[in-house]
Amino acid sequence: MGQIREKDRLFITFARQVLSKPVGRIKKVLIANRGEIACRITRTCHRLGIGVVAVYSEADRWALHVEMADEAVCIGPPPSTQSYLNIPAILEAARITGADAIHPGYGFLSENPVFARAVRDAGLIFIGPSAESMEIMGSKIAAKRAVAAYGIPLVPGTIEPVDNVEEAVKIAAEIGYPVLIKASAGGGGKGMRVVWDEGEFEENLARAQSEALSAFGDKSVFLEKFLPESKHIEVQVIADVHGHTIHLWERECSIQRRHQKVIEEAPSPSLNEEQRITLGRYAVNVARACNYLGAGTVEFIYDLQGGLYFLEMNTRLQVEHPVTEMITGLDLVELQIRVAEGEPLPLTQEKVQRKGHAIEVRVYAEDPANNFSPDTGRLTIYQPPLGEGIRVDDGYTADRDIPIYYDPMIAKLIAWAPDRNTCIDRMLEAIAQYRIGGIETTLPFCAFALNHPDFRNGSFTTKFVEKHFKPENLFPVLSASEAAAAAGTAAFLYREWMGQ
Ligand code: MV4
């Protein structure tokens, strides 16, 4: 506040021809984010003729998202607590640039009800759900209680906070061991503890509560039956203010490493048609249960016995949304903008198509041969792949620096094909074509996973990486054409050597 002076305003002018004029109330969007998602939101805004204000930290002065925007405002020093999480600075940036709306992207302030409320109190459109929906879904207990009334299956457990050991032991005996203690304010795998028998309860309950208190400022925990080998399937939903809520099918997100997703795909290879339709109906009801507006994702757990249960709802646009866009032909950011303006959804449930198969792999600046330690620095070479059905959502170009302060994900590589096998083949070829220099990335690790028989046959669970990955599995990736060239060279040298 007051820290943004006139001279800090940076206007980057492009010879960009605005071919379309904005048709709705939103003429200028401030994107409260960075990296690939800020770039991806910018592309849609520009296509719709909407102006873009970037915000950036001092570490991102030369970032691609700043260069792509029409205007950019520095909002503080590198640490995100002082920049991308700095609510007063972001609101001030919106005020001085005259933005009508704020898109929060994912991470940072995207699921923060205090931010959503502050944006609306400042007279701006928040491109996302209401603060009240965020509050309900931010509390796993409140979320389960809200959806229970809609007949959505929940993992056996409690929908009340548990803080008494005797009571917990009694409930656990009914559920059956192993039991999971989860933090109500947690999510994404944080604040979970497995209890294998009665004797372990006292210690684990106390630990879970104190961890929850220090991590989330709320000590409430609840119990669920622990499903050790399961799949993670989520459903994309979107709702408008006119009472229409639709789902855009599911995404399979079981390939993850330490709660960080690595590969996502749509549709899920594990569901049959009946399950798929049931899951979509559950997801729409979850959204209705919290009076949802905008794009959201409902997470389910699928155990190997075939049970499908609601886990939680994420009230943001997710990293993996492109696989849904590839099979439905929709632009989720455009839909988010339209419904935030008060427009009705442009299609009904019956009109949502599901065509072909899409896979996304996340490209992290991490070294898979060195326990995935972050490998930031300068991207000396950066050449993304091209090709039929290939999409790259990235936040960098060659010769830019990857700052150490933020998430190390630098790009997402997405492949689409008419069927899953062709999609996997296209993805492997695209990975082989990707040229990245100066840093190590998780691409070789992704190639390993895609090549694994359990990935091909769809039988993987969230234990896949733990079960199958060893650094010895990493090998240099060659594209089919390079492999053919290498084989040709080898044959030539062999004939030379044989004197033929
Ligand atoms: C579970 C579970 C097993 N049983 N709940 C982790 C993220 C959060 N959204 C919920 N998570 C889990 N909840 C019960 N009752 C196993 C996980 C889990 C997991 C879920 C989705 C994706 C990856 C995961 C990795 C480990 C554990």
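Whatever order the structure lists them in is the order used to number ligands and atoms, beginning at 1. Keep in mind it's a predicted model, so treat the numbers as computed, not measured.
Ion pairing of K467 with E229 is present here, as a side-chain N (NZ or NE/NH1/NH2) and a carboxylate O approach within less than 4.0 Å. Comment: K412 does not engage E320 in a salt bridge, judged by the lack of any side-chain N to carboxylate O separation of less than 4.0 angstrom. A salt bridge between K225 and D303 is absent, with no side-chain N of the basic residue lying under 4.0 Å from a carboxylate O of the acidic one. For the pair E312 and K182, the salt-bridge criterion is not met [side-chain N within less than 4.0 Å of a carboxylate O]. A salt bridge links E234 with K261; the closest basic N to acidic carboxylate O contact falls under 4.0 Å.
Taking atom 20 (C) of ligand 1 as the reference point, the nearest protein heavy-atom neighbour is H232 ND1, 4.2 Å. Ranking protein heavy atoms by distance to atom 27 (C) of ligand 1, first place goes to H259 CE1, 3.7 Å. Protein heavy atom at the shortest distance from atom 14 (C) of ligand 1 is L180 CD2, 3.4 Å. Given atom 5 (N) of ligand 1, the protein heavy atom at minimum distance is K182 NZ, 3.0 Å. Protein heavy atom in closest approach to atom 2 (C) of ligand 1: I301 CD1, 3.5 Å. Of the protein's heavy atoms, G189 N, 3.2 Å lies nearest to atom 7 (C) of ligand 1. The nearest protein atom to atom 25 (C) of ligand 1, hydrogens excluded, is given as Q256 NE2, 3.3 Å; this is a heavy-atom distance. Ranking the protein heavy atoms by distance from atom 3 (C) of ligand 1 puts L227 O, 3.2 Å first.
Checking only distances, S230 never comes within under 3.5 Å of ligand 1, N or O to N or O. In terms of polar-atom proximity, defined here as any N/O pair under 3.5 Å, T462 makes no such contact with ligand 1.
Checking E111 against T315 by side-chain atom types alone, a donor-acceptor pair falls below 3.5 Å. Side-chain contact, D60 with Y405: no donor N or O sits under 3.5 Å from an acceptor N or O.
A cation-pi contact, defined as under 6.0 Å to the ring centre and within 45° of the axis, links K231 to F460.
Distances below 4.0 Å separate heavy atoms of F226 from the following atoms of ligand 1: 3 (C), 4 (N). Interface atoms of ligand 1 facing V155, defined by a heavy-atom separation under 4.0 Å, are 15 (N).
The part of M192 lying near ligand 1 is the side chain, judged by heavy-atom distances below 4.0 Å.
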